[in-house]
Amino acid sequence: MVKKALMVDLITGLRRTFYYFFTKPITVQYPKEKLQPFPRFRGFIRLTQKEDASGVKCIACGMCARECPSQCIEVKGEGKGKERYPVVFNIDFSRCIYCGFCVEVCPVGGLEFTSFYEGAEYDLEWLHFDIAKLQEDYKKWERTFKK
Amino acid sequence: MDVLMSDILTALIRIIVVFALALLTVAYLTYLERKVIGHMQVRMGPMRVGPHGLLQPIADGLKLFFKEDIVPTEGYRLTFYFAPILCLVCALILFAVIPFDAKFMISRLNIGLLYILSIASVGVMGIILAGWSSGSKYSLLGGLRSAAQIFSYEIFLGFSLMGPLMIAGSLDLVKIVEAQSVPFIVYQPVAFVIYLIAALGEINRVPFDLPEAESELVAGFHTEYSGMKFAYFFLAEYANMIIVSAIATIVFLAGWKGPILPGWMWFLIKMFIFIYFFIWVRATFPRYRYDQFMRIGWKIMLPLVLANIFVTGVVILFIGGY
Amino acid sequence: MAEEPIKDREKADSEVPIDFSKFVEVRKIKEKYPEAIVDLKYFRDELTIVLKKEYLLNVCFLLRDDPETKYNFLTEVIGVHYPNREKPFEVVYHLYSVEYARRVRLKVMLGEDEEVESVYPVWPSANWYERECFDMFGIRFTNHPDLRRILLPEDWEGYPLRKDYPLEGPPGYREKWLKEHLSLYNKL
Amino acid sequence: MAKKIESKVIDVLKRGTPFGRLEEGDVFNENLKIEDVWINMGPQHPSTHGVLRLVLALQGERIVDMEVVIGYLHRGTEKLAEFRTYHQFIPLTDRLDYLASPAMNFGYVLAVEKLAGIEVPIRAEYIRVLMAELARISSHLLWLATHALDIGAMTVFLYCFREREMILDLFEMATGGRLITTYYRIGGVANDLPDYFLDRCEEFCEIFPKRVEDYDALLYSNRIWLSRTVNIAKISAEKGLALGLSGPSIRGSGVNWDLRRSNPYSVYDKLDFEVAVFDGCDVYARYLVRRKEMLESCKIVKQCIEWLKKNPGGEVQAKVPKVFKPPVGEVYQAVEAPKGELGFYIVSDGSQRPYRLKIRAPSFANLMSLPEMCKGHLVADVVAAIGSIDVVLGEVDR
C-alpha cells in the first residue's frame with residue numbers, strides 16, 4: 001500500500017529511462033556511415049572470373065536457372081564440355097529473392113554474392129542485369145551521401 | 001495623448017516579443033521532445049537537417065505549410081476550418097497574463113489564474129468541434145473522449161490550485177509569486193502531485209493521451225487534418241504544455257524568484273524542468289484506458305484534492321496564514 | 001497425373017500387415033460404430049482412419065468425449081483434390097489430444113456434388129478451417145454456421161486449389177477482375 | 001438485423017457498463033432508438049499488425065460484436081507449392097512468418113524428412129535447434145515491442161529492437177540473410193556455422209537476461225501496464241482449445257502443452273528447459289509466458305552452444321539425391337513455432353513436387369478466438385488483445 005502510494009513502480013521506470021538518457025546512442029547514421037555486412041551476406045549476385053582473368057568461370061550448364069525458385073535467371077551457352085561458355089546470362093533482380101540456391105548449386109563456383117544491397121531503384125530496367133553488368137565492379141553502384 | 005501612445009507601443013512590443021518567443025519555443029519544443037525521447041531510447045533523434053538536426057522544426061513547418069489542404073467530403077467545412085484556429089488562439093492568448101519576471105508581462109490581470117482556467121476550457125471546444133466536424137468515426141470517438149476527459153480534469157486542475165491560492169489570498173499571478181517566501185511546493189506537496197497529473201490529462205499527454213491515442217484511434221480528433229490545420233493543433237498542444245508548466249512554476253515553485261541569476265532566467269529554468277518531466281513521462285509510461293482514467297480522476301483524485309483544500313483551510317483558520 | 005501413384009501407395013501399404021486393433025481409436029470406433037471404418041492406413045507412425053461420411057460427426061463426438069482418447073483439439077481440416085478418382089475430394093481431419101499427446105487423422109471421401117457434415121458442433125475451431133476448405137475447393141459443409149469465402153474476395157470465381165485451376169488463374173480472368181474492381185479508380 | 005443488434009445491446013446493458021446496469025424490471029423505451037457504431041479497424045490501422053481488418057460494432061466504446069476479415073495478404077503459397085520442387089519451396093516457407101523464418105523452415109524440412117525417412121546428422125540438429133530458438137527470441141522480442149507500443153509504452157519498442165538487431169546480426173553471420181534466412185535444407189542445414197559465431201552467440205546469451213530487466217523495469221510491475229493487461233481479454237482453457245488456440249497464448253490459460261516437450265522432435269528431448277505456463281487466462285498471463293519463454297530459449301541456446309563447442313566438426317548435411325523424389329504417402333509434422341503449433345501436411349505422389357501441401361498456420365487458428373476475447377471490452381482492449389495473441393499476417397493469409 002505504501003509502495004503503491006509512493007509510486008515505486010512508476011519511479012523504477014522513470015529511473016531506467018533517465019539512465020539511458022546519458023548512455024551512448026546505438027544509432028548508425030545510415031547513408032553517412034555504413035555497416036560492413038558479414039562475409040556470408042547474400043547481396044547482389046555476380047559472375048566470378050577465372051584465375052587467369054580470361055573470362056567467367058560459368059560453363060552455362062543451366063543448373064542455376066533450373067534451381068531458381070523465382071525463375072529469374074536466363075542462361076544460354078555455346079561450346080561443348082569444358083569449353084562451354086555463356087553467351088546470354090540474365091538475372092532479373094526485381095524478381096530475385098536472394099535465397100542463394102543458384103550459388104549453392106553451381107558446380108564450378110561460377111556465381112558469388114557481393115555485399116551490395118542497395119537495390120532500391122527508380123528504374124526497373126536497371127535491375128535487369130545482363131552478362132556484362134554481372135561482371136562489373138559492384139562498388140561503383142554504391143550510393144554515396146555527401147556530408 | 002502621448003502617454004497613451006507610448007503605453008500602446010510598449011504593450012505592442014511586449015506582445016510581439018512574447019508571441020514570437022512563444023511560437024519559436026513551441027517550434028523548438030518539438031525538436032527538444034524528439035531529441036530527449038530519442039536519447040532515452042538509445043537513439044539520436046533528428047540529425048539530418050542542419051547540425052544535429054537543429055533546423056528540423058523549420059523543415060517540418062515548411063512541409064506542413066506547403067502540404068495540400070484536404071477537407072473530407074463528409075466533413076462540415078465551417079467548423080472543420082474553425083476548430084484548429086480556436087484551439088491555437090485559446091492556447092496563445094493565455095500567454096498574455098504569464099509573468100515571466102516581476103516586470104515583464106503583457107498585462108497584469110488581477111484575476112489571472114481564473115482567466116487562464118476559463119480560457120483553457122474554451123480551447124477544449126476546438127478539439128470537440130474538430131472531432132465532430134471531421135465526419136470520421138475515429139475522430140468522433142477522439143472528440144468525445146477528450147470532452148469527457150478535459151472537462152473532468154479541469155475540475156481537479158482548478159481544485160489543486162485552490163490550496164496555494166488560499167495561502168496566497170489572491171488570484172493575481174504576480175501576487176501569488178510574491179507571497180512565496182518559501183515555494184508553495186513545500187506546503188502543498190499533495191496539491192502539486194495532483195496538479196501534475198491533472199495537467200498531463202489537461203494537455204493530452206501520455207499516459208493520458210486518450211483523445212489522440214495513436215494505436216487505438218489512429219490519431220483521434222486530428223485523424224482527418226493535414227497541412228497547416230494540423231500544424232495549428234500541433235502548436236496548440238505544445239503551447240498548452242508551456243502554459244501548464246508556467247503555471248506550475250508560478251504557483252508551486254515561486255516563479256522568477258531565485259538567487260544570482262536574473263528572474264526571467266530562473267523562470268525559464270523552472271519551466272523547462274516541468275517540460276522535461278512531461279517529455280520524460282511520455283518516454284516511460286504506457287497509456288491508461290479511458291474508463292480507468294476517469295476512475296482515477298473521480299475516485300482517487302477528487303477526494304484527495306478536496307481533503308487537501310479542507311486541511312489547508314483548517315490550518316489557515318487556526319494559524320492565521322503561514 | 002494422380003491416378004497411378006495413388007494405387008501404388010495402397011499397394012505399398014498393404015504389403016506390411018499391421019494389427020490395427022492395437023490402436024485405441026480403432027477399437028473404440030469399431031465397438032460403437034462397426035461399419036463406420038472404410039479403410040485404415042499406417043505410414044510413418046501416423047494412423048489414418050478413412051470413414052464413411054455419415055458417421056463422421058458421431059465418430060468425432062466419440063473421439064472427443066471418450067476418456068481414453070480425449071481428442072479435444074482439432075488441428076486442421078484439409079481438402080485434397082484427386083480429379084481422376086470416382087470420388088474426387090478428400091477431407092482430412094487432424095485431431096490432437098492434449099492430454100495424451102497423440103494424433104490421429106480422419107478422412108472422408110466425397111463425390112463432386114456431395115456435402116459433408118460440419119464438425120463445428122464438436123470443435124468450434126472448425127469454423128474457419130471449413131471456410132478455408134470451401135474457399136479453396138468448393139467443398140460444402142452442411143450445418144456450417146457461416147459458410148463464406150475467407151481468404152479470397154467474396155466474388156471470386158472458381159476454387160483455386162483444385163487441380164484443374166491454372167496456377168495464374170484462368171486466362172483473361174485477372175484482367176476482367178481488375179477492370180471490374182478498379183473501375184472507380186480508373187474514373188478518377 | 002436491427003432487432004438482432006438491439007437484443008445484443010440489451011445483453012450488454014444487462015452485463016453492466018460504466019454507466020450502470022439494466023435490471024430485470026427495467027422497461028426499455030420503445031421510442032428510444034439505439035444504433036451501433038460500426039467501425040472498420042484496419043486493414044490500414046497502426047496497431048492491427050499488418051493488414052488485419054476488424055469490423056467492430058460499438059455501443060459508445062464498448063464492443064457488442066466483432067468480425068475478423070482476413071485475406072488481404074493471400075499469396076497462394078499452397079498452390080505455389082504444387083508447382084515447386086521440394087527444395088524450391090524452402091524460401092517460400094520463410095515468407096510465412098517472416099519474423100521467425102528459421103522456425104518456419106524447421107517445420108517444413110522436418111515434414112519432408114519424415115516423408116522421405118532421412119536421418120539428419122546430429123550436429124545439424126543442434127544447429128537447427130539453436131537457430132530456431134534464436135528465432136523464437138527475436139519473434140517474441142518483436143511481439144513485446146509492438147504489444148507495448150500498442151498499449152502506449154514506446155520506449156520498450158526501441159529497447160527490444162536493440163536486442164533483436166543483435167540476433168539479426170547473428171543470423172546474418174551464419175546464414176547471410178537477416179530476416180529471410182533460408183538456412184535449413186532437406187537433410188541438414190546449408191553450411192556449418194562460421195568460427196566466431198558461437199562466441200558472439202554466447203556473448204548475446206550473457207547480455208540478454210540483463211536486457212530483459214530493462215523491459216521489466218518499464219512494464220513488469222508498472223501499474224498502468226497492469227491495469228491495461230490484467231483481466232483483459234480473458235479466455236478459459238477449454239474455450240481456447242475448442243477454438244484452436246495454441247502455443248504461448250494457450251499456455252497463458254494454464255494448459256501445459258508445448259510440442260517441444262509433449263511430442264519432442266529433433267534434439268529437444270536432450271535439452272533441459274522449462275515450459276512456461278501461467279494460468280491468468282488474460283493478456284498479462286500471456287505476457288508472462290512469452291517473457292519467460294524468451295529466458296528459457298536463451299537457456300536452450302546456451303546448451304546448444306555448449307554441445308557444439310564440445311563436438312566441433314562433422315557433417316551438417318545428410319546425403320540427399322539431387323533429384324529428390326520422396327516415396328508416395330502423406331505425413332503431418334508439427335513443430336512449436338513462436339506463435340503456436342505450426343504443421344505441414346504433405347501428400348506426395350512420388351514425383352519431384354508435393355501433390356498437396358497444407359500449412360497449419362498458428363496465427364490463423366489463434367485469430368479465431370479474438371472475437372471471443374474482445375466481446376464486452378472497450379476499443380482500447382481490442383488492441384491489447386490483438387497484441388497478446390501475436391498474429392503475423394503473412395502466416396494468417398499464406
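These numbers come from the heavy atoms of this one structure, side chains and all, not from hydrogens, waters or symmetry mates. Proteins get letters first, then strands, A, B, ... in listed order; numbering begins at 1 in each.
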Any chance the rings of [X] and [Y] have centres within less than 6.0 Å?
| X | Y | answer |
| --- | --- | --- |
| C/Phe134 | C/Phe137 | no |
| C/Trp123 | C/Tyr71 | no |
| D/Phe324 | D/Tyr86 | yes |

Can you say whether [X] sits under 4.5 Å from chain C via the side chain, the backbone, both, or neither, judging by heavy atoms?
| X | answer |
| --- | --- |
| D/Leu73 | neither |
| D/Tyr332 | both |
| D/Val396 | backbone |
| D/Glu372 | neither |
| D/Ala116 | backbone |
| D/Ile359 | backbone |

Discussion item. If the contact rule is any heavy atom under 4.5 Å from chain D, which residues of residues 53-68 of chain C qualify, in numerical order?
Written reply: none

Under a 4.5 Å heavy-atom cut-off, does chain D meet the side chain of [X], its backbone, both or neither?
| X | result |
| --- | --- |
| C/Glu132 | side chain |
| C/Pro124 | both |
| C/Ile150 | both |
| C/Val80 | both |
| C/Arg148 | side chain |
| C/Val122 | neither |

Quick one: list whatever passes side chain to side chain donor-acceptor pair (under 3.5 Å) with [X], sequence neighbours left out.
| X | result |
| --- | --- |
| D/Tyr345 | D/Glu330 |
| D/Asp258 | D/Arg260 |
| C/Arg149 | C/Asp135 |

Is [X] salt-bridged to [Y], going by a charged N under 4.0 Å from an acidic O?
| X | Y | result |
| --- | --- | --- |
| C/Glu76 | D/Arg360 | no |
| C/Lys87 | C/Glu112 | no |
| C/Arg140 | C/Glu114 | no |

Practice prompt. Please determine, among D/Gly117, D/Gly76, D/Ser369, D/Pro327, the option with the most heavy-atom pairs under 4.5 Å with chain C.
Written response: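 Option with the greatest count: D/Gly117.
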
Practice prompt. May I ask you to name which of D/Lys358, D/Arg398, D/Glu78 has the most heavy-atom pairs under 4.5 Å with chain C?
Written response: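 The option with the most such pairs is D/Lys358.
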
Taking every non-hydrogen pair under 4.5 Å, which of [options] racks up the most with chain D?
| options | result |
| --- | --- |
| C/Asn127, C/Leu151, C/Thr48, C/Val98 | C/Leu151 |
| C/Tyr129, C/Tyr100, C/Tyr96, C/Tyr165 | C/Tyr96 |
| C/Asp45, C/Leu74, C/Val92 | C/Val92 |

Worksheet item: Near C/Glu35 CD, under 6.0 Å, is it more than 12 heavy atoms from other residues, nucleotides or ligands?
Response: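 Enclosed.
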
Discussion item. Tell me whether the rings of C/Phe89 and C/His81 are parallel (<30°), tilted (30 to 60°) or perpendicular (>60°).
Written reply: parallel

Worksheet item: Is C/Tyr120 close to C/Pro145 at the side-chain level, that is, under 4.5 Å between some pair of heavy atoms?
Response: yes

Worksheet entry | Within-4.5 Å side-chain heavy-atom neighbours: D/Ser262 and D/Trp257 | yes

Item to complete: Go through the side-chain N and O atoms of C/His94 and C/Arg105 and say whether any donor and acceptor fall under 3.5 Å apart.
Response: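 A pair is found: one side chain offers a donor N or O, the other an acceptor, under 3.5 Å apart.
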
